[in-house]
**Q** 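Could you have a look at this structure, given as structure tokens, before my questions?
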Amino acid sequence: MSTLKFVSWNINSVRIRLHLIEQLVMAEDPDIICLQETKVRDSQFPHEAFEGMGYKYRILNGQPMHHGVAIVSRVPLTEDRRHDWQDNGEARHIGVRLPSGLLLENVYIPAGGDVPDREENPKFGQKLDFYERMTKWSETLDTPTIMMGDFNIAPLESDVWSHKQLLKVVSHTPIEVDTMKRLQDAHGWVDVGRLMIPAPERLYTWWSYRAKDWTKGDRGRRLDHVWVSPELRSKIRAHRVLEPARSWEKPSDHIPLITEMEV
DNA sequence: ATGGTTGTGGAACAA
């Protein structure tokens, strides 16, 4: 029986923030890192930097300009599955199999634009549709799975700095929370964040760049999540978020989520 | 206060 340390991090450009990844690896020494918003085409991925840090196994799903996900690992990864749950060609998912047979899914769910209305803002509908397709996929899952990434929804009142002020803000609207709940129920997904840090304790993973001082007012949201299949609940050994990373040099607007699990 | 910042790639878009 061995324990692996996983990190999930929306890095907002893997190339410009390699120094942050090096800092994370020095501090935490994770076995596997799931990155979202790598913002790089596969041919330009900084392989050498990861090779130098001991991440010999790298599975990429990138595109020019936007989006993009990657899994880098010190343990072998097999398979290389990509789901286009938005049905528009954007690079937002990659799935692999770990040596124990466990599946690992890295997902970057669309933010959904600014207006929480399907008619007025097609991006919002695309976000809900992405969730619906994930729900159908979840219903068919028959292998223990750990799924992590930027889900772009903060479901609980204690997942946002002000439940009342965010009720009509994309990421915390009731229709999004309902849609996320249907995905969770479709497989019995365990929310590892709230398993280990129960509500109503404050728990955020993202703070906007659009504030001079992110700590002022602490206007955070829990947009990033780690979910596991029901049978993996008892295998979770530790989970936390690395809040100081939001103050590192040229930070991402998201912080890393760190999970230790027996595999 | 209906703004504000960041990255890609070299204008507009996504977040």
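In what follows, chains carry the letters A, B, and so on, assigned in the order in which the sequence lines appear, proteins first and then strands, with residues in each chain numbered from 1. We use all heavy atoms of the structure for the numbers below, so side chains are in, but hydrogens, waters and symmetry mates are not.
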**Q** Less than 6.0 Å separating the ring centroids of A/His93 and A/Trp85?
**A** yes

**Q** Return whichever of A/Ile109 or A/Arg15 has its heavy-atom-nearest nucleotide of DNA chain B closer to the 5' end.
**A** A/Arg15

**Q** Would you say B/dT8 has OP1 or OP2 under 4.0 Å from some side-chain N or O of A/Arg17?
**A** no

**Q** Can you tell me how far C1' of B/dA15 sits from CH2 of A/Trp214, to the nearest Å?
**A** 19 Å

**Q** Between B/dT6, B/dC13, B/dT8, spot the one nearest the side chain of A/Tyr209, thanks.
**A** B/dT6

**Q** To the nearest Å, give me how far apart NE2 (A/His66) and C1' (B/dC13) are.
**A** 5 Å

**Q** Would you kindly check if the NZ (Lys) or CZ (Arg) of A/Arg222 is within the cone defined by 45 degrees around the ring axis of A/Tyr204 and under 6.0 Å from the six-membered ring centre?
**A** no

**Q** If I pick the P atom on B/dT8 and the same atom on B/dG4, what distance separates them, to the nearest angstrom?
**A** 22 Å

**Q** Which sits closer to the 5' end of DNA chain B, A/Arg41 or A/Arg210, going by the nucleotide each is nearest to?
**A** A/Arg41

**Q** Which whole-number value in Å describes the distance from A/Gln165 CD to B/dT2 C1'?
**A** 13 Å

**Q** Assign A/Arg219 to base, sugar-phosphate, or nothing according to its heavy-atom contacts below 4.0 angstrom with the strands shown.
**A** nothing

**Q** Quick check with a 6.0 Å cut-off and a 45 degree axis cone: is A/Arg221 positioned over the face of A/Trp206's six-membered ring?
**A** no

**Q** Measuring to OP1 and OP2 of B/dA15, would you say a side-chain N or O of A/His67 lies under 4.0 angstrom away?
**A** yes

**Q** I'd like the C1' distance from B/dG3 over to B/dG9, given in whole Å.
**A** 26 Å

**Q** Under 4.0 Å between a side-chain N or O of A/Ser13 and OP1 or OP2 of B/dT8?
**A** yes

**Q** Heavy atoms under 4.0 Å, any strand shown: does A/Lys123 hit a base, just sugar-phosphate, or nothing?
**A** sugar-phosphate

**Q** Heavy atoms only, 4.0 Å cut-off, all strands: where does A/Arg92 land among base, sugar-phosphate and nothing?
**A** sugar-phosphate

**Q** What is the distance, rounded to the nearest whole Å, between atom CG of A/Asp213 and atom P of B/dT5?
**A** 14 Å

**Q** Nearest-Å distance, CZ (A/Phe124) to P (B/dA14)?
**A** 17 Å

**Q** Salt-bridged, A/Lys127 to A/Glu132, with N to O below 4.0 Å?
**A** no

**Q** Before we go on, tell me: are the rings of A/Phe151 and A/Tyr131 under 6.0 Å apart, centre to centre?
**A** no

**Q** For A/Ala111, report the nucleic acid contact type (base, sugar-phosphate, nothing); a contact means any heavy atom under 4.0 Å.
**A** sugar-phosphate

**Q** Please report the distance, rounded to the nearest Å, between CD in A/Gln36 and P in B/dT6.
**A** 21 Å

**Q** What is the distance, rounded to the nearest whole Å, between atom OH of A/Tyr108 and atom P of B/dA14?
**A** 11 Å

**Q** Could you give the CG-to-C1' distance, from A/Leu166 to B/dT2, as a whole number of Å?
**A** 14 Å

